[in-house]
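Every chain is numbered from 1, with letters handed out A, B, ... down the list of sequences.
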There are 2 protein chains.
Amino acid sequence: MAHPAARTRSLREDCLREALAIIDEAGVEGLSLREVARRLGVSHQAPYKHFPSRDHLLAEVVRRAFAAFARHLDDRPRGENPADDLAALGRAYLAYAREHPLPYRLMFGTPLPDPAHHPEMMRSARHAFALLRDCLDRMGADGSKGVPSEATDLDALFVWSAVHGLASILQTGALSTLGLPPAVLASSPSHTLLRIGAALGAEGDPGDGQSGNDQPL
Amino acid sequence: MAHPAARTRSLREDCLREALAIIDEAGVEGLSLREVARRLGVSHQAPYKHFPSRDHLLAEVVRRAFAAFARHLDDRPRGENPADDLAALGRAYLAYAREHPLPYRLMFGTPLPDPAHHPEMMRSARHAFALLRDCLDRMGADGSKGVPSEATDLDALFVWSAVHGLASILQTGALSTLGLPPAVLASSPSHTLLRIGAALGAEGDPGDGQSGNDQPL
DNA sequence: GCTGGATGTTGACAGTGTCAACCGGGGCCG
DNA sequence: CGGCCCCGGTTGACACTGTCAACATCCAGC
């Protein structure tokens with residue numbers, strides 16, 4: 001198989017791999033098509049045969065990051081009841097951020113190409129959010145199942161805000177400039193998940209009187 | 001250049017003002033010292049007499065954004081009791097993000113120059129965080145006042161995560177790609193603050209001996 | 001065999017940050 | 001007063017970037 005196709009595809013894949021390596025070493029800012037080409041030993045225009053522009057290359061890298069992220073969330077150990085499952089989702093989210101800082105920062109911590117121009121980029125992102133919404137929907141398992149209500153959307157947004165906010169704060173190194181002790185840093189994920197659980201379990205909305213459910217995360 | 005020396009002293013300020021305008025129009029990526037110089041009608045090297053590098057100019061712009069932000073939080077209407085004050089702080093935070101999207105995005109939504117190289121940049125950021133910590137410290141007004149404990153740090157981090165996460169999500173336009181209804185968008189800030197209050201109010205003291213918590217992600 | 005499209009190459013152009021050299025003028029000091 | 005030097009400004013260069021255009025292959029399908 002002197003695969004014509006295999007060869008052609010290889011440069012495209014090589015570009016993506018090399019791009020990730022460059023971003024790892026030099027940050028998104030350091031990514032340049034010419035550097036990619038140089039490292040791969042091809043001419044500075046070769047990558048243009050596979051990506052219309054630098055942003056298209058970056059968008060594809062990001063798209064794959066989102067896809068891998070969504071897959072990671074999909075593959076989480078499912079919790080028994082909805083509350084446990086939400087906790088599992090939160091742990092999976094933070095674990096991914098911790099174990100794959102590079103793709104995570106790519107998704108949430110760097111300036112992305114305009115999503116309007118790269119629609120495919122956010123497909124998996126939407127899927128990941130849907131996971132969260134479904135999980136919350138099952139949690140408030142009253143009549144309105146199947147159709148995520150506005151209340152569910154709001155809670156999903158809240159949970160996502162808290163988890164995403166923590167993950168991004170932990171990553172930007174903002175903490176080092178804030179001078180927080182390492183112990184705080186270490187236990188902040190579990191503490192945040194605990195607080196989220198409290199927020200969702202404690203109160204309730206006026207309608208559902210089942211206040212007994214305060215399973216901590 | 002026929003202009004006398006009257007203006008010369010203000011070139012530094014002019015650069016900063018013009019830089020902000022450029023960032024407003026073209027984003028941080030569009031900021032270039034040459035463009036600043038061009039707009040001000042000076043040579044492309046003139047700004048270098050006031051800023052050692054492009055990043056130093058950007059760092060100063062960001063520093064002022066943080067300073068204005070901290071000032072805005074300082075000037076918030078103080079709440080009666082600590083809980084109300086926390087809510088006021090949250091509202092002030094989100095209001096600033098909404099009313100001054102440009103500086104806000106500058107602080108939290110764009111790649112900043114390495115804080116290690118620009119220490120002054122984060123000074124006001126630390127001050128803003130201290131405000132939050134103090135507020136929470138007064139809230140859990142048991143004996144340990146004055147010395148923010150680890151628990152206070154953790155809660156401060158949680159609150160900041162949630163608020164910052166929401167603000168940044170609202171700004172990046174990630175929501176538009178998620179297809180959430182506008183009504184959800186509109187009420188998300190107040191809902192998030194509500195949930196935060198619930199999380200903190202639900203249980204004052206979880207008897208948390210969980211400082212040695214090391215594997216919980 | 002010829003054609004055509006995918007792939008890769010070289011060459012150019014405008015734009016960027018930044019270093020180096022030069023230069024006018026005003027304050028300071030001998 | 002004369003000389004000096006530094007401050008703020010200038011011009012000129014260099015290396016780097018993305019991207020357009022034209023040219024060279026090679027392989028598939030008619």
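A straight line from CG of B:L33 to C1' of C:dG15 spans 13 Å, rounded to a whole angstrom.
Contacts of A:R54 with the nucleic acid, taken as non-hydrogen atoms under 4.0 Å apart, involve only primed sugar atoms and P, OP1 or OP2.
The phosphate of D:dT11 (OP1 or OP2) has no side-chain N or O of B:S43 nearer than 4.0 angstrom. For the OP1/OP2 pair of C:dG8 and a distance below 4.0 Å, the side-chain nitrogens and oxygens of A:Y48 include no atom meeting the criterion. Distances shorter than 4.0 Å separate some side-chain N or O of B:R38 from OP1 or OP2 on C:dT16.
Annotation: B:R78, atom CZ; neighbour count of heavy atoms from other residues, nucleotides and ligands within 6.0 Å is above 12. Counted within 6.0 Å of CZ on A:R38, heavy atoms from surrounding residues, nucleotides or ligands total more than 12; the atom is thus considered enclosed.
At least one donor-acceptor pair closer than 3.5 Å links the side chain of A:S32 to the backbone N or O of A:E35.
For a distance-only test at 3.5 Å, the side chain of A:R34 qualifies as a donor-acceptor partner of the base of D:dT19. The base of D:dG9 lies outside donor-acceptor range of the side chain of B:H50, with no N or O pair under 3.5 Å. Between the side chain of A:H44 and the base of C:dG11, at least one donor-acceptor pair of N or O atoms lies under 3.5 Å.
Taking the nucleotide of DNA chain C with the nearest heavy atom to each of B:K49 and B:D55, the more 5' of the two is matched to B:D55.
Rounded to the nearest 0.5 angstrom, A:Y93 OH and A:W160 CH2 are separated by 6.5 Å.
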